[in-house]
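Data first, discussion second: the structure below is written as structure tokens.
Values below: all heavy atoms of this structure, side chains included; hydrogens, waters and symmetry mates excluded. Position 1 is the first residue of the sequence, and the numbers go up from there.
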Amino acid sequence: TVVKPKEKKLPSKRKGFTQKAKIDGQTIFVRTGEYDDGSLGEIFIDMHKEGGITKAMLNSFAIAISIGLQHGVPLEEFVDKFTFTKFEPSGRVDHPNIKFSTSILDYVFRMLALEYLGRQDIVHVVDNEEVAVLEPQYSLSTSQDSPACPRCGHITVRSGTCYRCLNCGESLGCS
């Protein structure tokens, strides 16, 4: 026997918020809808102009996430699956707590984790203070051409012919 999860209906009039940000110069709006207890029940992701494929894909993705949330999938599951997802646009973000993202989905789920789960472990600024970067036990220098880490956004350091992020351990340019 297949058990169908019961849908938890959102109230007709609901609270939520709209968050505007730019990811590598691309403007994105994330809107939320909440249950009466303040938990997340739906999301909307707006980007680009009407009719664009990116807008259509983001809209469809947001509907799928919203259906999952309304059928009992915990937000934590989505956060764990979609943070650090990597595709364009990615790069610097003009959000008070998130300064770099590896994709639109990475940004959206970092922001939702901060707002609805209180998670500060995946944001770059907590309570107006930069998250501390682990200090290396040895001296390595960055150069003007050191790229930002694609995973966490911190500046990498040269390690032989490669670059390495001392914050998250990501390695670039090595095989």
Side-chain angles (χ1 to χ4, degrees), residues 1-131 148-154 167-168:
T1 306
V2 176
V3 177
K4 186 177 178 184
K6 187 131 175 107
E7 180 180 5
K8 184 178 175 186
K9 296 280 186 187
L10 282 159
S12 296
K13 183 177 180 182
R14 46 192 163 263
K15 294 181 180 178
F17 67 88
T18 300
Q19 176 69 58
K20 177 183 176 184
K22 285 189 178 185
I23 302 172
D24 195 31
Q26 300 287 325
T27 302
I28 181 171
F29 293 91
V30 179
R31 292 178 177 85
T32 66
E34 301 173 354
Y35 290 103
D36 289 333
D37 66 1
S39 62
L40 183 63
E42 67 183 351
I43 65 169
F44 301 90
I45 306 169
D46 292 321
M47 188 173 183
H48 296 294
K49 296 180 176 144
E50 285 295 328
I53 190 166
T54 304
K55 183 178 177 73
M57 292 299 293
L58 287 173
N59 186 42
S60 297
F61 179 79
I63 290 169
I65 296 299
S66 298
I67 290 170
L69 290 168
Q70 292 165 25
H71 282 83
V73 177
L75 177 57
E76 294 89 348
E77 286 293 320
F78 292 121
V79 169
D80 291 342
K81 297 294 183 227
F82 294 110
T83 50
F84 300 111
T85 303
K86 196 191 260 188
F87 60 87
E88 296 300 325
S90 66
R92 302 233 180 262
V93 179
D94 72 343
H95 182 278
N97 303 93
I98 303 164
K99 298 303 177 187
F100 185 88
S101 90
T102 57
S103 67
I104 297 165
L105 301 185
D106 178 53
Y107 163 73
V108 168
F109 286 100
R110 284 176 190 258
M111 186 269 300
L112 292 174
L114 175 67
E115 296 290 337
Y116 287 97
L117 303 176
R119 286 192 53 185
Q120 299 181 356
D121 60 320
I122 56 175
V123 298
H124 306 106
V125 178
V126 179
D127 298 326
N128 295 326
E129 292 184 25
E130 294 274 339
V131 174
C149 175
R151 177 184 274 174
C152 71
H154 286 84
N167 186 54
C168 72

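Atoms CZ and OH, from Phe17 and Tyr116 in turn, are 4.5 Å apart once rounded to the nearest 0.5 Å. Considering CG of Asn97 and NE2 of His124, their distance stands at 10.5 Å, rounded to 0.5 Å. To the nearest 0.5 Å, atoms CD1 (Ile122) and CZ (Phe109) are separated by 10.5 Å. Interatomic distance, Leu112 CG to Tyr107 OH, rounded to the nearest 0.5 Å: 8.5 Å. Within the model, atoms CG of Asp80 and OG1 of Thr83 stand 6.5 Å from one another, a figure rounded to the nearest 0.5 Å. Atoms NZ and OG1, from Lys15 and Thr32 in turn, are 12.0 Å apart once rounded to the nearest 0.5 Å.
Nearest heavy-atom pair, Leu69 versus Glu42, reported as atom, atom and distance to 0.1 Å: CD1-N, 4.3 Å. For Pro89 against Ile23, the heavy-atom pair with the smallest separation is O-CG2, 3.8 Å. In plain terms, the two heavy atoms of Gln26 and Met47 that are nearest each other are CB-CE, 3.2 Å. Between Val93 and Phe100, the shortest heavy-atom distance links the atoms CG2-C, 3.9 Å. Listed here is the closest heavy atom pair of Ile43 and Ser66: N-OG, 2.9 Å.
Legend: residues meeting side-chain contact (heavy atoms from CB on, under 4.5 Å) with Asp37, ordered by chain and number and at least two apart, are Lys8, Tyr35, Ser39.
Of the possible polar contacts, one joining the Ser103 side chain to the Thr85 backbone as a donor-acceptor pair under 3.5 Å is found. Put simply, the side chain of Thr18 never gets that close to the backbone of Arg31: no donor and acceptor are under 3.5 Å apart. Under the 3.5 Å distance criterion, the side-chain polar atoms of Gln70 are matched with a main-chain donor or acceptor of Gly41. Here the side chain of Asp94 pairs a donor or acceptor atom with the backbone of Lys22 at under 3.5 angstrom.
With respect to Phe82, the side-chain contact (heavy atoms from CB on, under 4.5 Å) criterion is satisfied by exactly one of Val108, Asp106, Ile65: Ile65.
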List the steps, then state whether side-chain contact (heavy atoms from CB on, under 4.5 Å) holds for His95 with Gln19. CA-CA 9 Å; His95 182 278; Gln19 176 69 58; 3.7 Å; yes
